[in-house]
A.B. asks: 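Have a look at the structure that comes next, please.
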Amino acid sequence: MRGTRPLGVVIKLGTSSIVDEKSHEPLLSILTLIVETAVRLRKDGHKVIIVSSGAIGVGLRRMDVEKRPKHLSKLQALAAIGQCRLMSLWDSLFNHLRQPIAQILLTRNDIADRSRYLNAQRTINELLDMGVIPIVNENDTLAVSEIKFGDNDTLSAITAAMVHADLLFLMTDVDCLYDKNPRTNPDAQPIEVVEDIGSLVADVSTAGSSLGTGGMSTKIVAARLATSAGVTTVITRSSNPGNIINIVKHIQASRSPPSPASKIAQPEPSSNGQNNTEALLQASVSSSTPRSNKIPLHTRFLPSPHPVRDRYFWILHGLRPHGTLYIDPGAYKALVGKAGLLAAGVVDVEGVFAQQEAVRICVVEKKRSTPGEDGKLWEGTATEVGRALTNYASSEIARIKGHQSAEIPALLGYMDSEYVAQRESISFFSFSGVSRPATPVREIVASHEPAASRAQTPLASPGEEKGVVVGL
Ligand SMILES: Nc1ncnc2c1ncn2[C@@H]1O[C@H](COP(=O)(O)OP(=O)(O)O)[C@@H](O)[C@H]1O
Ligand SMILES: N[C@@H](CCC(=O)OP(=O)(O)O)C(=O)O
């Protein structure tokens, strides 16, 4: 690998790659090959993180439970039983090759708290610097639906973004993403390179294996998150992990000349909207370079040329929005031009939130001069363009919206800030310095929120609302 720089590589293994779908016995050959591949990558100088599902699957086998239960407490108990066996399996396999590993268990709450997010980032980077392979899973035993990632595809994308990885491998039981589910459609066509997820056409609506949580849809959500942070994302088959080495080499070969030091472990602050020259280079190479026979079938999602990283990524994907601010097109233009959000540009507010909680920012098509029959001050489509942390609570914004900042003291009796949100507390999903064509708000909300895309996953029987976890 002379002339190529080391890469940060995150490898995510779904339950379908860790235990047999029917017997729940561990797939030892796959796990061993993954171990060999990860150690080989380490020897080539790359930094490797594994995101491993399988705690529940291993727990099912340990307790001789045939079917995945539906109730939260049972699933959490099985995860607790399975997680330690899963780690002991990984540890014994890696130990044969003298490779130290570490366990990292995360919940969404850990990510939502800024200092805990930074601590997790620092710990993982420290482990990588020590030559350790961190093995990440969701802390299923503690996570209830409000604080769940819900699926490890999303968790792996957030982990990859957190450490500025170069590559995320979503290893699964099919070769790649197809235009429809290959399990049920023998004529499904592979999709090899995705330059723009926004224009991707593929049917991912059907569920996958009986143990996996999200099928392909959560992998698409994960690819969207990771590529937006500048991480090339690959979907490939886990039963031949040697593919990872070939794909890494292929991607490195497309990346000559070597670029500056590995992005992994960069401290903040970073930017929202910097150019990703590697992405531009890769895009031009990938569309003109056909996959050689040696390169196994896989789907490669190219990274955004304008990656959103660090605090800006965290505002977008680390926090759950508690409400929505509707702003007029003039205010959006000002925000793109780097101004903060003034109350004058806010036409409506929805939801109940406190200061410094995350909200959606939606741009309305047209502001009305007087409220319509629906009581709204706007008409037409509203487009979600980003998220923000606000300086005022929802009840305060409802009183000051549409007013000049100078009027705030009279309206509220105090003024904490002239801005509803500071510019550094606002992050856009895709920011290239110019406004982009509108997409209806419902579409965008659905594609940015993994929970919406899991609607088809058979997780709970009707009538079992209480005590049923979504996506565990
Ligand atoms: N368009 C598609 N292309 C490929 N696979 C698809 C597609 N739509 C649905 N799938 C299903 O997604 C499954 C992989 O998801 P899942 O079972 O959740 O895996 P994992 O446990 O690896 O996360 C495949 O086995 C396949 O049946
Ligand atoms: N955290 C859970 C797995 C959740 C999950 O996303 O599973 P999968 O869809 O198989 O990657 C476990 O360890 O069993």
Side-chain angles (χ1 to χ4, degrees), residues 11-21 24 27 30 50-62 68-69 74-87 89-90 103-108 135-143 148-159 169-192 194 200-223 235-239 297-299 450 453-454 456-459 469-472:
I11 302 170
K12 184 262 169 178
L13 286 150
T15 309
S16 65
S17 307
I18 291 184
V19 298
D20 181 85
E21 199 178 340
H24 306 148
L27 298 169
I30 294 186
I50 293 178
V51 177
S52 170
S53 303
I56 295 172
V58 171
L60 288 171
R61 169 85 190 134
R62 177 70 184 89
R68 196 186 141 97
K74 284 225 172 68
L75 282 166
Q76 291 185 313
L78 286 168
I81 294 161
Q83 180 64 26
C84 61
R85 281 182 80 85
L86 181 66
M87 285 312 290
L89 191 56
W90 281 120
Q103 170 180 264
I104 306 272
L105 295 177
L106 293 172
T107 62
R108 210 167 239 295
I135 301 194
V136 181
N137 195 359
E138 177 145 26
N139 197 346
D140 294 318
T141 303
L142 298 184
K148 278 192 72 58
F149 294 100
D151 66 275
N152 277 2
D153 295 320
T154 306
L155 173 61
S156 67
I158 290 178
T159 306
F169 283 91
L170 299 170
M171 309 297 290
T172 184
D173 59 355
V174 285
D175 286 315
C176 62
L177 169 69
Y178 290 81
D179 59 351
K180 49 198 167 214
N181 191 344
R183 281 195 194 223
T184 43
N185 299 280
D187 62 329
Q189 294 299 309
I191 298 171
E192 298 195 38
V194 179
L200 174 67
V201 182
D203 178 3
V204 293
S205 58
T206 45
S209 64
S210 56
L211 293 176
T213 48
M216 258 315 132
S217 63
T218 49
K219 287 174 186 43
I220 305 294
V221 173
I235 295 178
T236 190
R237 187 181 279 283
S238 57
S239 56
L297 190 53
H298 64 279
T299 302
S453 62
R454 291 199 305 273
Q456 316 231 7
T457 316
L459 296 159
V469 73
V470 178
L472 199 121

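When a ligand or atom number is given, it counts from 1 through the structure's own listing order.
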A.B. asks: Is there a side-chain contact between M216 and N181, using heavy atoms and a 4.5 Å cut-off?
C.D. replies: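 Of all side-chain heavy-atom pairs linking N181 with M216, none is under 4.5 Å.
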A.B. asks: Among N181, I235, N152, V204, which one puts a heavy atom closest to atom 10 (N) of ligand 1?
C.D. replies: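 That would be N181.
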A.B. asks: Return a yes/no value for D153: is any of its N or O atoms, backbone included, closer than 3.5 angstrom to an N or O of ligand 1?
C.D. replies: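 Among all N and O atoms of D153, none is under 3.5 Å from an N or O of ligand 1.
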A.B. asks: Quick check on contacts: which atoms of ligand 1 are under 4.0 angstrom from a heavy atom of G14?
C.D. replies: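 Here the atoms of ligand 1 in question are 20 (P), 21 (O), 22 (O), 23 (O).
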A.B. asks: For ligand 1, does M216 get within less than 4.0 Å through its side chain, its backbone, both, or neither, judged by non-hydrogen atoms?
C.D. replies: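 Under 4.0 Å from ligand 1, M216 contributes backbone and side-chain atoms.
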A.B. asks: Decide yes or no for I135 and Q103: does some side-chain heavy atom of the first lie under 4.5 Å from some side-chain heavy atom of the second?
C.D. replies: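 No, their side chains stay 4.5 Å or more apart.
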A.B. asks: Under a 4.0 Å threshold between the charged nitrogen and the carboxylate oxygen, would K180 count as salt-bridged to D187?
C.D. replies: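 Looking at D187 and K180, the cut-off is met.
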A.B. asks: Which ligand 1 atoms does S16 reach within 4.0 Å, using its non-hydrogen atoms?
C.D. replies: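 Near S16, meaning under 4.0 Å from one of its heavy atoms, ligand 1 has 19 (O), 20 (P), 21 (O), 22 (O).
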A.B. asks: Report yes if the side chains of K219 and V204 come closer than 4.5 Å at any heavy-atom pair, otherwise no.
C.D. replies: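 Heavy-atom side-chain distance check fails, nothing below 4.5 Å.
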A.B. asks: Is there a polar contact, in the sense of an N or O pair closer than 3.5 Å, between A55 and ligand 2?
C.D. replies: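 Yes: some nitrogen or oxygen of A55 is under 3.5 Å from one in ligand 2.
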A.B. asks: Would you check if the side chain of N137 reaches a backbone N or O of S52 as a donor-acceptor pair within less than 3.5 Å?
C.D. replies: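 Judged by distance alone, yes, a pair lies under 3.5 Å.
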A.B. asks: Output yes when the distance from some N or O of ligand 2 to some N or O of Q83 is under 3.5 Å, and no in every other case.
C.D. replies: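 So ligand 2 has no N or O lying under 3.5 Å from an N or O of Q83.
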A.B. asks: Does L105 reach the side chain of Q83, with side-chain heavy atoms less than 4.5 Å apart?
C.D. replies: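 Side chain of L105 against side chain of Q83, heavy atoms only: contact under 4.5 Å found.
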A.B. asks: Relative to atom 24 (C) of ligand 1, which among D175, T15, D173 owns the nearest non-hydrogen atom?
C.D. replies: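 Looking at heavy atoms only, the winner is D173.
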A.B. asks: Just let me know how C176 lines up against ligand 1, side chain, backbone, both or neither, with a heavy-atom cut-off below 4.0 Å.
C.D. replies: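 It is the backbone that touches ligand 1; the side chain stays farther off.
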A.B. asks: Looking at V51, is its backbone amide N or carbonyl O close enough to the side chain of S156 to form a donor-acceptor pair, meaning the two atoms are under 3.5 Å apart?
C.D. replies: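 A pair under 3.5 Å: no.
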A.B. asks: Quick check on contacts: which atoms of ligand 2 are under 4.0 angstrom from a heavy atom of D151?
C.D. replies: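 Ligand 2 atoms under the 4.0 Å threshold to D151: 6 (O).
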A.B. asks: Find all atoms of ligand 1 within a distance of less than 4.0 Å from any non-hydrogen atom belonging to D203, and give their numbers and elements.
C.D. replies: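 Heavy-atom distances to D203 below 4.0 Å select 1 (N), 2 (C), 8 (N).
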A.B. asks: For T172, give me all partners under side-chain hydrogen bond (donor to acceptor under 3.5 Å, both in side chains), at least two apart in sequence or on another chain.
C.D. replies: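 Per chain and number, T172 pairs via side-chain hydrogen bond (donor to acceptor under 3.5 Å, both in side chains) with no residue.
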A.B. asks: Geometry only, no angles: is G215 polar-contacting ligand 1 at N/O separations under 3.5 Å?
C.D. replies: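 Yes; at least one N/O pair falls below 3.5 Å.
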A.B. asks: So is S52 polar-close to ligand 2, meaning N/O to N/O under 3.5 Å?
C.D. replies: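 It does not: no N or O of S52 is found under 3.5 Å from an N or O of ligand 2.
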A.B. asks: Looking at ligand 2, would G54 count as a contact under a 4.0 Å heavy-atom criterion?
C.D. replies: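 Heavy atoms of G54 do come under 4.0 Å of ligand 2.
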A.B. asks: Does K12 approach ligand 2 within less than 4.0 angstrom via side chain, backbone, both or neither, non-hydrogen atoms only?
C.D. replies: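 The side chain, only.
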A.B. asks: Could you check which of D140, V136, I56 puts a non-hydrogen atom nearest to atom 1 (N) of ligand 2?
C.D. replies: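 Among D140, V136, I56, the closest heavy atom to atom 1 (N) of ligand 2 belongs to D140.
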A.B. asks: Do any N/O atoms on T172 end up under 3.5 angstrom from N/O atoms on ligand 1?
C.D. replies: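 Min N/O separation from ligand 1 is below 3.5 Å for T172.
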A.B. asks: Would you mind listing which atoms of ligand 1 come within a distance below 4.0 Å of any non-hydrogen atom of K12?
C.D. replies: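 Matching atoms, with element in brackets: 23 (O).
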A.B. asks: Please work out whether any backbone atom (N, CA, C, O) or any side-chain heavy atom from C-beta onward of E21 is under 4.0 Å from ligand 1, and answer side chain, backbone, both or neither.
C.D. replies: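 The answer is neither; E21 stays 4.0 Å or more away.
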A.B. asks: Are T236 and M171 packed together at the side-chain level, in the sense that at least one heavy-atom pair is separated by less than 4.5 angstrom?
C.D. replies: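 Touching, per the 4.5 Å side-chain cut-off.
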A.B. asks: Would you say D175 and P190 make side-chain contact, with heavy atoms under 4.5 Å?
C.D. replies: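 With C-beta onward as the side chain, the pair stays apart.
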A.B. asks: Among the heavy atoms of A202, does any lie under 4.0 Å from an atom of ligand 1?
C.D. replies: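 No, that is not the case, since the closest heavy atom of the residue is not under 4.0 Å from the ligand.
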A.B. asks: Which of these, V58, N137, N152, L155, has its nearest heavy atom closest to atom 6 (O) of ligand 2?
C.D. replies: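 Ranked by closest heavy atom to atom 6 (O) of ligand 2, first place is N152.
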A.B. asks: For a side chain to side chain contact (heavy atoms under 4.5 Å, CB included) with L75, tell me which candidate from D140, I56, T141, L60 qualifies.
C.D. replies: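 Exactly one option meets the side chain to side chain contact (heavy atoms under 4.5 Å, CB included) with L75, and it is I56.
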A.B. asks: Quick test of your reading of the model: are R183 and D173 salt-bridged, counting only N-O distances below 4.0 Å?
C.D. replies: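 Answer for the salt bridge query: yes.
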A.B. asks: With sequence neighbours excluded, what pairs up with S53 under the side-chain hydrogen bond (donor to acceptor under 3.5 Å, both in side chains) test?
C.D. replies: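 S53 satisfies side-chain hydrogen bond (donor to acceptor under 3.5 Å, both in side chains) with N152 once adjacent residues are dropped.
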A.B. asks: Should you measure from each heavy atom of G14, which atoms of ligand 2 turn up under 4.0 Å away?
C.D. replies: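 Counting from 1, the qualifying ligand atoms are 10 (O), 11 (O).
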A.B. asks: Does ligand 2 come near enough to S53 that some N or O of the ligand is less than 3.5 Å from an N or O of the residue?
C.D. replies: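 Yes; at least one N/O pair falls below 3.5 Å.
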A.B. asks: Just distances here: any N/O of S205 and N/O of ligand 1 closer than 3.5 Å?
C.D. replies: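 Among all N and O atoms of S205, none is under 3.5 Å from an N or O of ligand 1.
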A.B. asks: Could you tell me, atom by atom, which parts of ligand 1 come under 4.0 Å of a heavy atom of K180?
C.D. replies: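 Here the atoms of ligand 1 in question are 1 (N), 2 (C), 3 (N).
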A.B. asks: Are the side chain of D153 and the backbone of A222 linked by a donor-acceptor contact shorter than 3.5 Å?
C.D. replies: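 No, because the side chain of D153 does not come within donor-acceptor range (under 3.5 Å) of the backbone of A222.
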A.B. asks: For T154, does its backbone N or O pair with a side-chain atom of D151 as donor and acceptor, under 3.5 Å?
C.D. replies: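 Checked: pair present.
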A.B. asks: Geometry only, no angles: is S17 polar-contacting ligand 1 at N/O separations under 3.5 Å?
C.D. replies: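 Not met; the criterion fails.
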